[in-house]
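Each ligand, and each atom within it, is numbered from 1 in the order the structure gives.
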Amino acid sequence: MADRRLLMIPGPIELEPDVLARLGEKTRSHLDPTFIDAFGRALGRVREVFLAGKDAQPFVIAGSGTLAMDMAVANVIEPGDAAVVVDTGWFSERMADILARWGADVTRVTAPVGDAPSLEAVEAAIKKARPKVVTITHVDTSTGVRAPVEPLARIAREHGALVIVDGVCSIGGEELRQDAWGVDLALTGSQKALGVPPGLAVLVASARAMQAFRARKSRVASMYLDFGQWLPVMEAYEARKPYYFATPAVNLVAALDTSLAKIAAEGVEARFARHAKMAGAFRAAWKAMELRLLPVRDELAANTLSAVWYPEGVDASLVGKIGAEGAVVAGGLHPEAKTKYFRVGHMGAIAPNDVVAVVGAVERALAAAGVSRSGLSAASAALR
Ligand code: PMP
């Protein structure tokens with residue numbers, strides 16, 4: 001019997017059949033005209049999904065989201081540059097680590113688990129550190145906290161800093177307006193809200209970010225991460241010409257082309273609204289089930305995943321029980337609370353059927369753990 005369990009972790013996610021079918025098509029030469037066309041089209045659509053400026057430069061390279069983080073930092077940071085990290089969880093700390101590895105002098109602005117630092121605290125840190133770069137994790141997947149990118153980016157820009165947004169758990173699902181919000185480097189991985197298998201790092205650099213890259217005094221110490229190596233590749237393919245630096249992941253790029261076409265057909269605004277609606281239905285269900293979220297205020301709760309505390313008397317074995325009931329969900333990740341919560345991804349093609357199936361699986365798993373709660377009718381009501 002086919003595996004009918006839903007993959008509801010915060011990436012990789014359930015994929016659309018035509019994306020998978022495209023992935024399984026014959027592997028083409030990276031110089032094949034049909035591949036050149038697909039790559040060129042995909043790059044243009046990446047700019048649209050990120051709501052980036054026309055003069056912004058997309059990069060799509062083989063690697064995961066972490067590679068995109070590394071690439072963003074490697075190209076604009078030189079040893080001794082100051083950086084401020086808006087720290088909303090484990091992935092923000094990964095960004096701090098990456099910055100430190102590239103020689104940055106890092107200031108983290110922290111908050112308790114489930115919260116985000118205040119705008120005032122971030123501004124005070126920026127005034128003190130005078131950073132070249134401010135980094136924001138749009139949705140920290142370890143806590144389900146969504147940071148207020150727009151005002152944070154505005155503050156960073158007012159103080160002359162470049163803004164890097166880790167949108168790995170947001171782009172394609174959460175509202176992010178790279179150009180309008182003044183984000184210089186926005187990045188994600190293919191396996192999340194873009195709806196493609198893992199394996200592509202996707203990054204868009206604003207014109208300002210490219211200027212900062214060009215103004216470097218030293219060259220980027222990693223060849224693979226160097227914008228200078230990839231820029232001619234991306235420019236050539238977008239102009240429907242081939243160019244070789246390192247072999248592109250041709251099947252994944254083709255699958256990305258299919259997924260981005262679907263996103264374009266849905267429309268990014270409609271996609272944001274659908275994610276918000278599905279997340280709202282999940283939140284209604286968690287509330288009805290008296291399950292608390294990690295984010296301490298409603299406006300901090302992401303639309304791409306729910307991070308939910310286990311109720312009294314329930315432990316991490318709930319994750320396996322939910323899986324046995326048909327929904328593969330994830331355990332906790334934040335080192336301070338790892339064993340105390342679980343996470344449900346709700347991004348990509350997420351639809352009412354998925355919400356109802358997952359809430360039902362959580363209900364039954366809780367019942368098996370001796371806790372009788374019901375969230376299905378609240379979810380249904382929210383979906384009406
Ligand atoms: N940042 C965030 C916010 C993430 O959710 C993840 C993946 N969970 C990453 C970075 C790292 O991405 P990857 O696992 O694709 O390297």
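The shortest distance between side-chain heavy atoms of Leu291 and Pro311 falls below 4.5 Å.
For the salt bridge (Lys or Arg N to Asp or Glu O under 4.0 Å) test with Asp257, the passing option among Arg22, Lys262, Arg28 is Arg22; the others fail. Between Trp230 and the options Tyr224, Phe59, Phe213, a ring-ring contact (aromatic ring centres under 6.0 Å, His included) holds for only Tyr224.
Residues Phe282 and His346 bring their aromatic ring centres within 6.0 Å.
For atom 6 (C) of ligand 1, the nearest protein heavy atom (residue, atom name, distance) is Phe91 CE2, 3.3 Å. The single protein non-hydrogen atom nearest to atom 1 (N) of ligand 1 is Asp166 OD2, 2.6 Å, given as residue, atom name and distance. Among all non-hydrogen protein atoms, the one lying nearest atom 14 (O) of ligand 1 is Gln191 NE2, 4.0 Å. Lys192 NZ, 3.2 Å is the protein heavy atom nearest to atom 7 (C) of ligand 1.
Linking Ile, Leu, Val, Met, Phe, Trp and Tyr whenever their side-chain heavy atoms come within less than 4.5 Å puts Val202 and Val76 in one cluster.
Taking 4.0 Å as the cut-off, Val139 counts as a neighbour of ligand 1 on heavy-atom distance.
Counting heavy atoms under 4.0 Å from ligand 1, residue Asp140 does not touch it at all. Residue-level proximity to ligand 1 for Thr66 is carried by backbone and side chain together, each with a heavy atom below 4.0 angstrom. No part of His138 comes within 4.0 Å of ligand 1, judged by heavy-atom distances.
Taken from CD1 in Ile136 to CZ in Arg146, the straight-line distance is 13.5 Å, to the nearest 0.5 Å.
Heavy atoms only, all atoms of each residue included: Ala125 and Val109 are closest at CB-CG2, 3.5 Å.
Counting heavy atoms of neighbouring residues, nucleotides and ligands inside a 6.0 Å radius, atom CZ of Arg240 exceeds 12 of them.
Taking a cut-off of under 4.0 Å to the non-hydrogen atoms of Met69, the atoms of ligand 1 that pass are 10 (C). Every atom of ligand 1 is numbered from 1 in the order shown, and the set under 4.0 Å from a heavy atom of Ser64 is 13 (P), 15 (O), 16 (O).
Between the choices Asp70, Thr141, Thr304, the shortest heavy-atom distance to atom 5 (O) of ligand 1 belongs to Thr141.
For ligand 1, the polar-atom distance check against Gly65 finds a nitrogen or oxygen pair separated by under 3.5 Å. At under 3.5 Å, not a single nitrogen or oxygen of Arg94, backbone or side chain, sits near a nitrogen or oxygen of ligand 1.
With no hydrogens or angles considered, no side-chain donor-acceptor pair links His275 and Glu175 at under 3.5 Å.
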